[in-house]
Every structure is written in structure tokens, then in C-alpha cells.
Student: 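Structure provided below as C-alpha cells; questions to follow.
Just so it is clear, the values below take in all heavy atoms, side chains as well, and ignore hydrogens, waters and symmetry mates. Only a predicted model underlies this, so the values are computations on that prediction, with no experimental measurement involved. Starting from 1, each residue takes its place in the sequence as its number.
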Amino acid sequence: MGVVQKESIKLTIVSYLGAALGYFNKVLLFANFLSATQVGLVGILTNAALLYAQLATLGTPSISNRFFPFFNNKEKRHHGFFFWGNVIVFAGFILTTLLFFLFKPLIIRQFIDNSPLIVDYYYYLIPLALGSVYFQFFESYLRSLLKTVVPTFLNEVFSKILITICIVMYALKWINFHQFVIIYVFCNFLTTFILLVYIIYLKQFFILPEKSRMYKRLLKPILIYGMFTIFTILGVGILLNIDNLMIAVKLNLAQTGIYTVIFQITIALTLPYRSIQRITSPLVGRFWKNREMAAIAELYRKTTLVMMIVGSGIILLMWGNLDSIFRFLPKEYSAARYSFILLCISRYVDMITGLNGIITLTSKKYKYDLYFMLVLVVLAIVLNLIFIPIYGITGAALAAMISLVLYNFLRVVFVWYNFKMQPFTIDCLWILLITAGALVVVHFIPFIYNKYVSICINSAVIGAIYGGSILLFKFSPEINNMAYKLTGWKYLKSDKSMFE
């Protein structure tokens, strides 16, 4: 956990700085200076471009995680890995763009009645997706080289700063909404270009092809793996974005905008896991290469424990400050209260189930993850079709929760059955009990009219009860030792949990 702990701390700090900026942008600026319809349009463009990009990469990011360890040799220019990855990504983008033109009439028919504004900005998806495609490719390449902090900073912080500048320009009436969208697309290109410059700076920009026997030996498994991961990654994208898209189809862009803002707030729950995932993906690939099953199992348990501790703390802070959070938003957003709670639960479950997806996707049984995904994409679509007309955006959140909980349950059982690994220990049960106890206490804190004072008091109570209990019982040596370094209090220093 040494490398993982050190890098994940850096990434988590960067990610939460980005989350703060994202919260500032979406909750304070977007919600208050853009109409809900305009917020919905930006959300749909972003989500659709992400799906577009995930298909266009043709599984290259996952291929990099799985196979780059076999090619990793700077003296031999990584056997031309960067060149061939670029060829695949460019070909994938051309192919996806052709499909984008071919299916335009069908796509337009879905949105024209309830969300006609999407039609006016349809072609903006092409440049927005192109920037996303190459950012994903460059980021996965750097992640395989264990260079994760700069890509995360660009994605989580720098891009958010650019968006803040854009929305401030719009709020000051220096630009109109159409110009805002154009600048928004350009900012996406700018972060990708900076990432390319960083690769060149690291002297890892090997754009020329290289002859290597590695391709003769690994070409077939790479192609098979890539084929399966294309659909798996696309399935994940659909699973995470289908709710927004179907709200736009079945309801309208205004409801999509409200859901987008609520969804953005819950992203805070995903940041620690995403930080650890960026680091552990190449590590798990290396462990599989060297058949270090015990190392994978240990990493699986430790990351799950840390994610449960952090995730429970975030859930408590969100739940305890729920009223205050919604008081920052226009009144029309109050209808999304239950959507917020359901999305938090789904994010939490996704977070605490650990590295099940990475372990499966980097193993020889990666094909099964696709089978799970196909079933769950169909389930998510069906549930959204059923729940959205009945419950509106709350129905979309309910469908997302059911789909993600079931998906992660199946993956945990699969990893346990096939690899004899499971992520939970007795400490996990104690953490859940402490979390439940803290929730009960927070429930009895009296209502305070001033939202700023309310947030401070509620957060302090949560920190004292939950944070104090976590450190007192020493569930995670990594967290306790980090606290010891910050405070110098010797009692916090730990080698193992008190319950072991």
C-alpha cells in the first residue's frame, strides 16, 4: 500500500479541490446564473460526448492497463505502444463519427419533442468528443507509466477553473449562451493539448512505429480483450449516463438540469475511489502478470476498508447538512431531495465494493464483466422506462441505485467465487455501526436557520463522533499513521486495527 497510499493522498487532495470547484460551478454558478434548461443542455452535451469518446477509444485505456506492463521499456520506445494506441483511437473516432452522422435522424427524433435545444447543438458533440477521446488515451498512457497526478489535476482542477471563468464571463454578460458553449468546447481541447505537452516533457512521446516480436505473441489476446472491453466500458458509460439522457427524452431539459446539479454534488463520494483506481489499475495488472494473488487480495481488502471509512464520513457530512445544501439552490431544485439521497446510496455502494471491477477486467476472466454489464444496461434502461414516467427524476435515481447495487453485488460474488477473494472484514461491520450511530445523533441536532452556522456545527459534531471513533479504534493503520504525522500524537500511531 506504500505507493498506493502516497499517490492516492495526492490524488485525493487534487480530486477534492476539483470537487470544490465543481460544486462552486454547478451549485452556485450554473444553478443561479443559467436556467435549468441551459444547465440540462450542457449536462447532456458532456454526457453524450463521454459516451461518444468511450466508444471511440475502442478499449484502448483498458488495453493499456492490462498489457502495457509487457511493453514497458523506454529504451525500446515501449515497442511502439503509443503509436499503435494512437492509430486505434484515431480509427475509432472516425468510425464513431460516421455512426454519429448515420444515426442522426433516429437520435433527433428522440429529443425533438421534449428537448429541442439539443438539436441546435447536435454537431458540437464532435469536437467535444474528440477532446475527450484523446484525453482518455493520454491519461491511460500516463497512468500506465504511474504518472497520475498531472492528468488528475488537469481533469479535476484546471478544467474546472476554465469553466468558472466561462460562467463568470456569461454572468457578467460579456458573452451570450451560444458563445459560452463554444468556449466550453475549446476548454476541453486545451486540457488535452496540455496533457500532450506533458507527455513530450517526460520524453515519452514515441509517435513512430517500432518493430517488435511482442505483437506477434500478444496481438490476438489484445484484440480479443479490446473487443470485450469496448462493450464493457461503453456499458459502464451507459449505466452512469442513461438516467440523464432518458430524463431529457421522457421529461425535458429543465428536469435534466436539476438532476445534473444534484448528480454533481454526489460526485464527492466517488473521488477517493477514482484516485485509488487510477493508481491500482496498473498495479493489479502487474500483480496478475507476476501471479501475485496474495498481493491482489491484500490490496483488495485494504482499499475497501479505506474507502468505507472515507465514504461513510462523506455520507455523514452530506446527510447531516442536507437542508443547508439545498438552501444554496433555487427553490425548483428542492424537488430533487429524494433523488439526492438515492444517488448517495448508489455511489456509496459502488465505492465500498472496492476493486472488484479492476480485478475482473485485468484477469483472464475479463469476458464475464461484459456479460454482467449487458444484463445491467438492459435492466437500467427498463427501470428508467418504468420509473421516470411515474416518479420523474426520483425514478431515474431509483433506477440508478438498483442497477449499481446489483451490478456490484454480482461482481463481488464473482471475484469471491473465482479468485477466493472478498473485500470485507469485521472492521467493515464496526464502521457501519459507528456510521449508523453518528446518523442517529445528527438527526437530533436542532435546526439552525443560518446555513453557514448549521454546516459548521453539524460538521463539527460529525467529525468529533465519527472521526474520533475511527482514530480511537484504529481501523486503518494508513489513516491513523497519516493522522499521527499531522498531529504528532503518539496514540494515533498504529500497525493494526484494535479488532484484529
Side-chain angles (χ1 to χ4, degrees), residues 11 14-15 18 45-68 81-97 99-100 125-160 162 184-185 187-200 202 204-205 207 222 225-241 267 270-271 273-275 277-282 285 357-358 361-362 373:
L11 291 181
V14 170
S15 296
L45 288 176
T46 303
N47 292 334
L50 180 62
L51 286 174
Y52 192 136
Q54 286 173 330
L55 178 59
T57 59
L58 298 180
T60 303
S62 294
I63 290 172
S64 182
N65 290 336
R66 178 72 175 85
F67 291 99
F68 186 79
F81 192 89
F82 184 84
F83 169 80
W84 291 111
N86 182 58
V87 169
I88 293 171
V89 166
F90 183 74
F93 179 76
I94 296 299
L95 176 62
T96 306
T97 302
L99 294 174
F100 182 74
L125 280 171
I126 297 175
L128 191 60
L130 180 60
S132 297
V133 165
Y134 272 94
F135 190 93
Q136 288 183 35
F137 171 53
F138 295 154
E139 182 189 31
S140 66
Y141 178 63
L142 287 166
R143 190 191 312 144
S144 297
L145 294 167
L146 302 182
K147 300 292 183 181
T148 54
V149 175
V150 170
T152 303
F153 174 81
L154 289 173
N155 189 44
E156 303 288 352
V157 178
F158 183 73
S159 63
K160 303 286 196 323
L162 294 178
Y184 183 87
V185 173
C187 290
N188 191 50
F189 265 101
L190 182 59
T191 54
T192 303
F193 176 74
I194 293 173
L195 201 58
L196 175 62
V197 172
Y198 180 60
I199 292 173
I200 296 171
L202 294 175
Q204 299 285 355
F205 185 68
I207 195 61
I222 286 175
Y225 182 80
M227 251 172 47
F228 274 87
T229 54
I230 289 170
F231 294 106
T232 301
I233 293 171
L234 185 61
V236 171
I238 293 173
L239 199 61
L240 293 175
N241 296 296
I267 283 191
T270 70
L271 299 179
Y273 173 65
R274 283 163 56 188
S275 298
Q277 187 181 47
R278 287 187 180 101
I279 303 155
T280 54
S281 294
I358 293 172
L361 282 171
T362 52
M373 182 57 62

Student: Could you tell me which residues satisfy side-chain contact (heavy atoms from CB on, under 4.5 Å) with S159, sequence neighbours excluded, listed by chain and number?
Tutor: T191
Student: With sequence neighbours excluded, what pairs up with T192 under the side chain to side chain donor-acceptor pair (under 3.5 Å) test?
Tutor: none
Student: For the ring-ring contact (aromatic ring centres under 6.0 Å, His included) test, which of Y141, Y134, F135 pairs with F138?
Tutor: Y134
Student: At their closest point, which heavy atom of N188 faces which heavy atom of S132, and how far apart are they?
Tutor: ND2-N, 3.4 Å
Student: I need the L55 CG to L99 CG distance, nearest 0.5 Å.
Tutor: 7.0 Å
Student: Can you list everything that forms a side-chain contact (heavy atoms from CB on, under 4.5 Å) with I194? Sequence neighbours excluded, please.
Tutor: L154, F158, L190
Student: Do you know which two heavy atoms are closest between A56 and V133, and how far apart they sit?
Tutor: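 It is CB-CG2, 3.6 Å.
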Student: Atom OG1 in T96, atom CG in L130: separation rounded to 0.5 Å?
Tutor: 11.0 Å
Student: Counting C-beta onward and ignoring hydrogens, is there a side-chain heavy-atom pair between Q136 and L50 closer than 4.5 Å?
Tutor: yes
Student: Suppose we screen for side-chain contact (heavy atoms from CB on, under 4.5 Å). Which residues come up paired with I126, at least two apart in sequence or across chains?
Tutor: Y52, F93, T97, F100, F101, Y123
Student: How close do V89 and T57 get, heavy atom to heavy atom, and via which atoms?
Tutor: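 It is CG2-O, 4.2 Å.
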Student: Shortest non-hydrogen contact from L162 to C187?
Tutor: CB-SG, 3.6 Å
Student: If the condition is side chain to side chain donor-acceptor pair (under 3.5 Å), which residues does N47 pass it with, not counting sequence neighbours?
Tutor: none
Student: Kindly give the heavy-atom pair with the smallest separation between L125 and A49, and that separation in Å.
Tutor: CD2-N, 3.6 Å
Student: Run the side-chain contact (heavy atoms from CB on, under 4.5 Å) test against F193 and tell me which residues pass, sequence neighbours left out.
Tutor: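 Scan of F193 (side-chain contact (heavy atoms from CB on, under 4.5 Å), adjacent residues dropped) gives V197.
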Student: Which residues satisfy the ring-ring contact (aromatic ring centres under 6.0 Å, His included) test with F137, sequence neighbours excluded?
Tutor: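 F137 satisfies ring-ring contact (aromatic ring centres under 6.0 Å, His included) with F82 once adjacent residues are dropped.
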Student: Any heavy-atom pair between the side chains of L142 and L202 that's under 4.5 Å?
Tutor: yes
Student: Step through the shown structure and confirm whether more than 12 heavy atoms of other residues, nucleotides or ligands are within 6.0 Å of OH on Y198.
Tutor: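 Count over threshold, so yes.
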Student: To the nearest 0.5 Å, what is the distance between CG on L51 and OG1 on T46?
Tutor: 11.5 Å
